[in-house]
**Student:** 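Below you'll find the structure I mean.
Just so you know, these numbers come straight off a predicted model, no measurement behind them. Lettering follows sequence order; numbering is per chain, from 1.
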Amino acid sequence: MIVTRFAPSPTGYLHVGGARTALFNWLIARHSGGKFILRIEDTDTKRNTPTAAQQVMDDLRWLGIDWDEGPQIGGENGPYYQSQRLEIYKTYIDKLISEGKAYYCFDTSEQLAQARKKAEAEKQNFVYRRPEVLPTESDVKKAISDGKSVTIRFAIPQDAPIIVEDIIRGTVTFDPAQLSDFIICKSDGFPTYHFAVVVDDELMAVTHVCRGQEHLMNTPCHQALQKALGFRIPAYAHMSVTVSDTGGKLSKRERPKVLKTAIKAKNEIDLQKLANAGGISIDELNQFLKGKIVPDMPAIDAMADFIEVKLPEINVVDFRKSGYLPETMVNFLAMLGWNPGGEKEIMTTTELIECFDPNRLTKSNSLFDRKKLISFNTEHIKTVSKEKLLIHFKDYLNVIGSAVSAADDELLSRLLRINEGARTLEQIEQKCRFIFFENDNVEYDLKAVKKVLLKADGLDMLEIVGQRLTAIEELSEKNIENMLRNLAEEKQVGLGKVAQPLRVAICGNTVSPPIFDSVSILGKDNTLKRVEFTLKKFREQTG
RNA sequence: GGCCCCAUCGUCUAGGUAGGCCUAGGACACCGGGUUUUCAACCCGGCAACAGGGGUUCGAAUCCCCUUGGGGCUACCA
């Protein structure tokens with residue numbers, strides 16, 4: 001049976017790159033009817049955040065990536081938090097020590113830094129090699145009592161080249177002389193990633209490891225360890241990296257970077273208010289602007305909202321908040337560095353599972369193209385079932401805290417129907433907000449008002465439209481349409497000339513769902529009140 | 001610096017493992033036109049690539065070498 005896993009370290013939100021890794025592993029497992037495991041690699045006590053694991057799992061669930069073993073559901077190979085597996089690692093480390101395959105070290109970080117500097121000066125790669133005489137038990141006891149920090153390193157066998165058979169890259173050969181005796185146990189007693197990953201993949205019977213290309217250089221180290229421990233060597237696939245269309249690696253640092261530039265570009269900005277909005281001190285804000293510190297994501301998001309800047313989406317949750325469908329994300333991420341071979345690229349998750357084949361993974365890096373993502377989203381909004389779309393829309397409204405969430409399912413479904421062709425859920429929400437405005441508190445877009453109402457005879461036309469509307473008994477779409485079309489014909493103008501003033505009057509904007517639906521949804525009372533209010537407000541202004 | 005990976009339209013890619021079917025296909029973006037009550041959506045058309053240089057071969061996008069360019073790693077992070 002094929003067993004894959006996704007092993008995030010809980011340091012923050014799930015990043016799209018991480019989601020892609022999870023997805024490929026999940027697809028490999030689901031395609032073959034195998035097993036997909038979720039494991040939390042929390043061996044770095046300094047960088048872990050308490051809520052991150054939960055957030056990562058929420059994001060995976062949103063994407064529809066479920067796991068057969070792992071946190072929240074358990075399994076026969078638990079626990080699934082590495083911090084709860086310390087005794088297991090210790091057993092294997094002791095074994096390596098007793099067999100002379102690993103050894104204690106007492107180097108200080110200063111000593112190591114110096115050695116690296118020396119290597120650099122000699123234009124050499126820094127390689128840590130075991131000393132001639134290995135420390136004894138009593139050396140260790142003495143070091144501990146002296147308060148020295150003690151680490152354990154694995155002695156990389158130097159006898160033969162290490163050959164990695166990679167599904168994507170083919171055969172890659174490494175010279176062990178280039179490989180350091182890496183640390184397997186840190187001075188705080190926690191294993192390093194390199195050690196924990198090898199032990200857990202063996203114990204959890206993982207057969208296929210699909211991970212980022214950045215791990216390719218680690219693989220010979222892992223294989224040497226597997227050999228020393230008598231473990232199997234799983235199949236490896238080192239995927240290409242996803243790079244950003246804003247330049248450089250697609251990284252979580254992008255959002256703060258964009259925000260910083262945006263703040264600096266706005267000269268008239270109240271820094272104190274901005275800091276308040278982000279829930280940070282003015283001091284922290286200044287430090288941030290100087291590039292000294294980076295506030296946490298909620299603060300970054302809040303400040304971006306405050307100055308009305310749209311930050312590039314990086315984390316899965318960012319895309320969720322921008323109105324993308326999980327189906328879109330799964331489809332798009334799958335097509336980054338993989339394709340089914342034909343000309344089809346819009347695919348459902350089920351279709352993806354059916355034809356997924358890791359042998360078709362691409363070797364070269366790919367750029368994350370947001371324009372293409374939007375077009376995928378447009379396609380998926382068009383093709384998902386009405387029921388699913390409604391669920392996604394409700395989730396979206398909920399996640400962003402929209403006033404539109406006050407609508408019932410029937411209205412929501414209607415809003416989705418009349419917004420056919422929308423590119424994102426965000427777009428739909430923005431076009432429908434007007435329904436929930438107070439009649440005397442419509443948010444007018446000044447450009448729209450100027451162009452449609454104040455120019456030509458916009459207000460006069462609106463007045464006539466208002467009168468005709470009053471005269472209609474029942475504001476059905478059909479009645480509204482007939483009235484507007486007749487009026488346009490009567491006045492010898494296009495429909496736009498009569499419809500646009502009405503549109504701006506009821507939603508403050510030139511962009512809304514089709515006007516007949518918009519009016520009928522608003523209802524006669526609200527519509528007439530808004531028309532009246534608009535006439536009054538802008539008649540006064542123009543004198 | 002060292003080690004490793006990669007290289008087809010602006011972007012994602014098909015084709016490369018069995019060299020001729022490739023005057024290199026699709027999608028997104030872009031440009032032009034159409035449709036239209038706004039924004040979208042939709043329809044039609046167009047632009048656009050085998051990084052460079054050497055080989056091998058009757059024949060190379062496809063195989064080999066070099067150059068150049070990009071990326072990764074080089075932590076008591078994962």
**Student:** Round to a whole Å and report the spacing from CG of A/D107 to P of B/rA75.
**Tutor:**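 It works out to 14 Å between those atoms.
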
**Student:** Is any side-chain N or O of A/R485 closer than 4.0 Å to OP1 or OP2 of B/rU37?
**Tutor:**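 Yes, A/R485 has a side-chain N/O under 4.0 Å of OP1/OP2 on B/rU37.
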
**Student:** Just how far, in rounded Å, is P of B/rC76 from CG of A/L112?
**Tutor:**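 Roughly 6 Å, once rounded to whole Å.
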
**Student:** Specify the separation, in whole Å, of atom CD1 of A/I168 and atom P of B/rG72.
**Tutor:**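 Atom CD1 in A/I168 sits about 17 Å away from atom P in B/rG72.
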
**Student:** Report yes if a side-chain nitrogen or oxygen of A/S364 is closer than 4.0 Å to either non-bridging phosphate oxygen (OP1 or OP2) of B/rG70; otherwise report no.
**Tutor:**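 Checking B/rG70 against A/S364, no side-chain N or O comes under 4.0 Å of OP1 or OP2.
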
**Student:** How would you label the contact of A/G337 with the nucleic acid (heavy atoms, under 4.0 Å): base, sugar-phosphate, or nothing?
**Tutor:**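 Here A/G337 touches the backbone only, sparing every base.
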
**Student:** Which nucleotide in the set B/rC77, B/rC4, B/rC42 lies at the smallest distance from any side-chain heavy atom of A/E379?
**Tutor:**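 Closest nucleotide among those given: B/rC42.
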
**Student:** Does B/rA78 have its OP1 or OP2 closer than 4.0 Å to a side-chain nitrogen or oxygen of A/K186?
**Tutor:**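 It does, given that an N or O in the side chain of A/K186 lies less than 4.0 Å from OP1 or OP2 of B/rA78.
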
**Student:** Could you tell me whether A/R211 sits above the aromatic face of A/Y236, with NZ or CZ closer than 6.0 angstrom to the six-membered ring centre and within 45 degrees of the axis?
**Tutor:**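 That pair does not qualify as a cation-pi contact.
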
**Student:** Using a cut-off of 4.0 Å on non-hydrogen atoms, how would the nucleic acid contact of A/I374 be classed: base, sugar-phosphate, or nothing?
**Tutor:**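 Result for A/I374 = nothing.
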
**Student:** With heavy atoms under 4.0 Å as the rule, sort A/S512 into base, sugar-phosphate or nothing.
**Tutor:**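 Base: the residue A/S512, judged by heavy atoms under 4.0 Å, touches a nucleobase.
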
**Student:** Watson-Crick or G-U wobble partner for B/rC39, using a 3.5 Å limit on both distances?
**Tutor:**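 Matched B/rC39 with nothing under the 3.5 Å cut-off.
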
**Student:** Provide the Watson-Crick or G-U wobble partner of B/rA14, both distances under 3.5 Å; none if there is no partner.
**Tutor:**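 Because no pair has both required distances under 3.5 Å, B/rA14 counts as unpaired.
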
**Student:** Select from A/S9 and A/L367 the residue whose nearest nucleotide in RNA chain B is closer to the 5' end of that strand.
**Tutor:**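 Taking each residue's closest nucleotide, the earlier one in sequence belongs to A/L367.
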
**Student:** Indicate whether OP1 or OP2 belonging to B/rC6 is found under 4.0 Å from a side-chain N or O atom of A/N365.
**Tutor:**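 The answer is no; no side-chain N or O of A/N365 sits under 4.0 Å from OP1 or OP2.
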
**Student:** Is there a Watson-Crick or G-U wobble partner for B/rG69 with both distances under 3.5 Å, and which nucleotide is it?
**Tutor:**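 In the structure as shown, B/rG69 has B/rC6 as its Watson-Crick or wobble partner.
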
**Student:** Starting at atom CD of A/Q178, determine the distance to atom P of B/rC5, rounded to an integer number of angstrom.
**Tutor:**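 The answer, rounded to whole Å, is 13 Å.
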
**Student:** Any donor-acceptor pair, under 3.5 Å, between the side chain of A/K371 and the base of B/rC28, if you only look at N and O atoms?
**Tutor:**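 Answer is no: no donor-acceptor pair is held.
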
**Student:** Does B/rG46 have a Watson-Crick or wobble mate here (both distances under 3.5 Å), and if so which one?
**Tutor:**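 Across all strands, the one nucleotide that pairs with B/rG46 is B/rC30.
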
**Student:** At less than 3.5 Å, do the side-chain atoms of A/S149 and the base atoms of B/rC76 form a donor-acceptor pair?
**Tutor:**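 When only heavy-atom distances are counted, A/S149 does reach the base of B/rC76 through a donor-acceptor pair under 3.5 Å.
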
**Student:** Does B/rC42 have its OP1 or OP2 closer than 4.0 Å to a side-chain nitrogen or oxygen of A/K382?
**Tutor:**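 So the side chain of A/K382 is within the cut-off, an N or O lying under 4.0 Å from OP1 or OP2 of B/rC42.
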
**Student:** Under 4.0 Å, counting only non-hydrogen atoms across every strand here, what does A/P513 touch: a base, just sugar-phosphate, or nothing?
**Tutor:**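 Base contact - A/P513 has a heavy atom under 4.0 Å of at least one base atom.
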
**Student:** How would you label the contact of A/E420 with the nucleic acid (heavy atoms, under 4.0 Å): base, sugar-phosphate, or nothing?
**Tutor:**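 Base contact.
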
**Student:** Searching all strands shown, indicate the nucleotide that pairs with B/rC76 (Watson-Crick or G-U wobble; both distances under 3.5 Å).
**Tutor:**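 Its partner: none found.
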
**Student:** At under 4.0 Å, does any side-chain N or O of A/K363 touch on OP1 or OP2 of B/rC6?
**Tutor:**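 Checking A/K363 against B/rC6: at least one side-chain N or O falls below 4.0 Å of OP1 or OP2.
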
**Student:** Can you tell me if the side-chain N/O atoms of A/R169 get under 4.0 Å from OP1 or OP2 in B/rC4?
**Tutor:**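 For B/rC4, neither OP1 nor OP2 has a side-chain N or O of A/R169 closer than 4.0 Å.
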
**Student:** Side chain of A/L216 only, please: which of B/rU38, B/rC4, B/rG1 is the nearest?
**Tutor:**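 Shortest atom-to-atom distance from the side chain points to B/rC4.
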
**Student:** Send over the distance from A/K372 NZ to B/rC9 C1', rounded to a whole Å.
**Tutor:**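 For the pair A/K372 NZ and B/rC9 C1', the rounded distance is 12 Å.
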
**Student:** At 4.0 Å (heavy atoms only), tell me whether A/F190 reaches a base, stays on the sugar-phosphate, or touches nothing.
**Tutor:**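 Since no nucleic acid heavy atom lies under 4.0 Å of A/F190, the category is nothing.
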
**Student:** A/F393 vs A/Y396 aromatic rings, parallel, tilted or perpendicular, using cut-offs 30° and 60°?
**Tutor:**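 Answer is parallel, since the angle falls under 30°.
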
**Student:** Rounding to an integer number of Å, can you tell me how far A/Q500 CD sits from B/rU36 P?
**Tutor:**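 In whole Å, B/rU36 P lies 16 Å from A/Q500 CD.
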
**Student:** Restricting both atoms to N or O, compile the protein contacts to nucleotides 21-23 of chain B shorter than 3.5 Å, with distance only.
**Tutor:**
none

**Student:** Mind checking if A/R360 touches a base, just sugar-phosphate, or nothing, with heavy atoms under 4.0 Å?
**Tutor:**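 Sugar-phosphate only.
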
**Student:** Of all residues at least two apart in sequence or in a different chain, which pass the side-chain hydrogen bond (donor to acceptor under 3.5 Å, both in side chains) check with A/D369?
**Tutor:**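 Not a single residue meets the side-chain hydrogen bond (donor to acceptor under 3.5 Å, both in side chains) criterion with A/D369.
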
**Student:** Does the B/rC76 base have a donor-acceptor partner in the side chain of A/S187 within less than 3.5 Å?
**Tutor:**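 Pair found.
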
**Student:** Expressed in angstrom and rounded to an integer, what is the separation of A/H194 atom NE2 from B/rC77 atom C1'?
**Tutor:**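 Value for this atom pair: 9 Å.
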
**Student:** So A/G170, base contact, sugar-phosphate only, or nothing? Heavy-atom distance under 4.0 Å.
**Tutor:**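 Touches nothing.
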
**Student:** Quick one: which of B/rA78, B/rA14, B/rC3 gets closest to the side chain of A/N339?
**Tutor:**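 So the nucleotide nearest the side chain must be B/rA14.
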
**Student:** Heavy atoms only, 4.0 Å cut-off, all strands: where does A/K123 land among base, sugar-phosphate and nothing?
**Tutor:**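 Sugar-phosphate, no base atom in range.
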
**Student:** Between A/S366 and B/rU13, is there a contact of a side-chain N or O with OP1 or OP2 at under 4.0 Å?
**Tutor:**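 Yes.
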
**Student:** A/R370 has an atom CZ; how far is it from atom C1' of B/rA27, in whole Å?
**Tutor:**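 Taking CZ of A/R370 and C1' of B/rA27, I get 19 Å after rounding.
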
**Student:** OP1 or OP2 of B/rC42 versus the side-chain N and O atoms of A/R423: is any pair under 4.0 Å?
**Tutor:**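 Result: no.
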
**Student:** Indicate, with a heavy-atom threshold strictly under 4.0 Å, whether A/E41 touches base, sugar-phosphate, or nothing.
**Tutor:**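 The answer is sugar-phosphate, as A/E41 gets under 4.0 Å only of primed atoms, P, OP1 or OP2.
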
**Student:** On the side chain of A/N218, is there an atom forming a donor-acceptor pair with the base of B/rA78 - under 3.5 Å, no angle test?
**Tutor:**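 Result: at least one qualifying N/O pair found.
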
**Student:** With sugar-phosphate meaning primed atoms plus P, OP1 and OP2, does A/R503 contact a base, only sugar-phosphate, or nothing at under 4.0 Å between heavy atoms?
**Tutor:**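 Counting heavy atoms under 4.0 Å across all strands, the contact made by A/R503 includes a base.
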
